[in-house]
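Below is one structure; the comments refer to it alone.
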Amino acid sequence: KREVREEFGVIIEKEDISFSKKYQSVMDSSKKAYFLVTRPLNIEEKDIVFGDEGLEFSLMSPQDFINVKDGVKRQQDRVAEYLSILK
């Protein structure tokens, strides 16, 4: 939740989260990382405000994200895994 707020200026609440899975952190193997999916939020593109880390964003469907050629593979794999659970 903190990362979403810091990186995108979007506040999510616990009740907004519809799916969560814990993974080993690739940055620090002694820590865990979380993949979260929220219900649709009442935000618009203009509501996205980058913190220090963001450069740009693109809105796309989850399936399009999985197939982006220069995407972050581990993130694409996590989205694909989540979609497979929905089937």
Side-chain angles (χ1 to χ4, degrees):
K1 290 172 34 176
R2 177 185 52 79
E3 287 288 320
V4 173
R5 185 184 73 246
E6 288 177 1
E7 294 185 25
F8 301 105
V10 173
I11 297 171
I12 58 173
E13 301 297 337
K14 184 176 181 177
E15 56 271 8
D16 294 328
I17 299 169
S18 60
F19 177 83
S20 174
K21 184 167 180 181
K22 186 174 18 176
Y23 293 89
Q24 192 72 38
S25 171
V26 296
M27 306 298 265
D28 182 343
S29 62
S30 69
K31 295 184 178 182
K32 301 294 181 192
Y34 293 86
F35 174 75
L36 304 174
V37 176
T38 69
R39 64 175 177 75
L41 301 174
N42 190 24
I43 61 171
E44 297 180 19
E45 191 171 344
K46 67 177 179 52
D47 298 324
I48 305 294
V49 179
F50 285 128
D52 294 343
E53 297 179 25
L55 299 174
E56 66 179 302
F57 71 96
S58 177
L59 300 176
M60 64 185 77
S61 73
Q63 192 60 46
D64 287 344
F65 175 76
I66 291 168
N67 295 312
V68 170
K69 301 246 185 285
D70 61 347
V72 178
K73 178 79 167 108
R74 72 178 175 274
Q75 297 293 359
Q76 291 171 306
D77 290 345
R78 290 173 184 178
V79 171
E81 180 182 7
Y82 168 72
L83 293 177
S84 73
I85 292 168
L86 297 179
K87 292 181 180 178

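- For CG of Leu41, the number of neighbouring non-hydrogen atoms (other residues, nucleotides, ligands) closer than 6.0 Å is greater than 12.
- To the nearest 0.5 Å, the span separating CG on Asn42 from CD on Glu44 amounts to 7.5 Å.
- Using a cutoff of 4.0 Å between basic side-chain nitrogens and carboxylate oxygens, Glu15 and Arg39 are not scored as salt-bridged.
- The CG atom of Asn67 lies 10.5 Å from the CE atom of Met60; values are rounded to the nearest 0.5 Å.
- Under a hydrophobic clustering in which Ile, Leu, Val, Met, Phe, Trp and Tyr are joined whenever their side-chain heavy atoms come within less than 4.5 Å, directly or via other members, Leu59 and Ile48 fall into the same cluster.
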Practice item. List the steps and the verdict of side chain to side chain contact (heavy atoms under 4.5 Å, CB included) for Leu83 and Gln63. Key: CA-CA 9 Å; Leu83 293 177; Gln63 192 60 46; 4.1 Å; yes
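- Using modelled atom types, no side-chain atom of Glu6 and backbone atom of Gly51 make a donor-acceptor pair closer than 3.5 Å.
- In this structure, the separation between CD1 on Ile66 and CD on Gln75 is 12.0 Å, given to the nearest 0.5 Å.
- A chain of hydrophobic side-chain contacts below 4.5 Å, direct or via other Ile, Leu, Val, Met, Phe, Trp or Tyr residues, connects Phe35 to Leu86.
- To the nearest 0.5 Å, atoms CZ (Phe8) and CG (Asp47) are separated by 13.5 Å.
- Although no hydrogens or angles enter the test, the distance criterion places no donor-acceptor pair under 3.5 Å between the side chain of Gln24 and the main chain of Ala33.
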Review point. Which is it for Tyr34 and Tyr23 under the ring pair (Phe, Tyr, Trp, His ring centres under 6.0 Å) test, yes or no, and what are the steps along the way?
Key: CA-CA 6 Å; Tyr34 293 86; Tyr23 293 89; 9.0 Å; no
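- Linking Ile, Leu, Val, Met, Phe, Trp and Tyr residues whenever their side-chain heavy atoms come within less than 4.5 Å places Ile85 and Phe65 in a single cluster.
- Asp28 pairs by the side-chain hydrogen bond (donor to acceptor under 3.5 Å, both in side chains) definition with Ser30, not counting sequence neighbours.
- Arg5 has its side chain out of reach of Val10: every pair of non-hydrogen atoms, C-beta onward, lies at least 4.5 Å apart.
- Between the side chain of Thr38 and the backbone N or O of Ile17, no donor-acceptor pair lies under 3.5 Å.
- To the nearest 0.5 Å, atoms NZ (Lys69) and CD (Gln76) are separated by 10.0 Å.
- Between Phe50 and Phe57, the ring planes are perpendicular. Angles over 60° get that label, and only those under 30° would be called parallel.
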Exercise for review: Give the C-alpha distance, both sets of side-chain angles, the deciding distance and a yes or no for side chain to side chain contact (heavy atoms under 4.5 Å, CB included) between Leu36 and Phe19.
Suggested key: CA-CA 6 Å; Leu36 304 174; Phe19 177 83; over 6 Å; no
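- Under the 4.5 Å side-chain contact rule for hydrophobic residues, Val68 and Val79 share a cluster.
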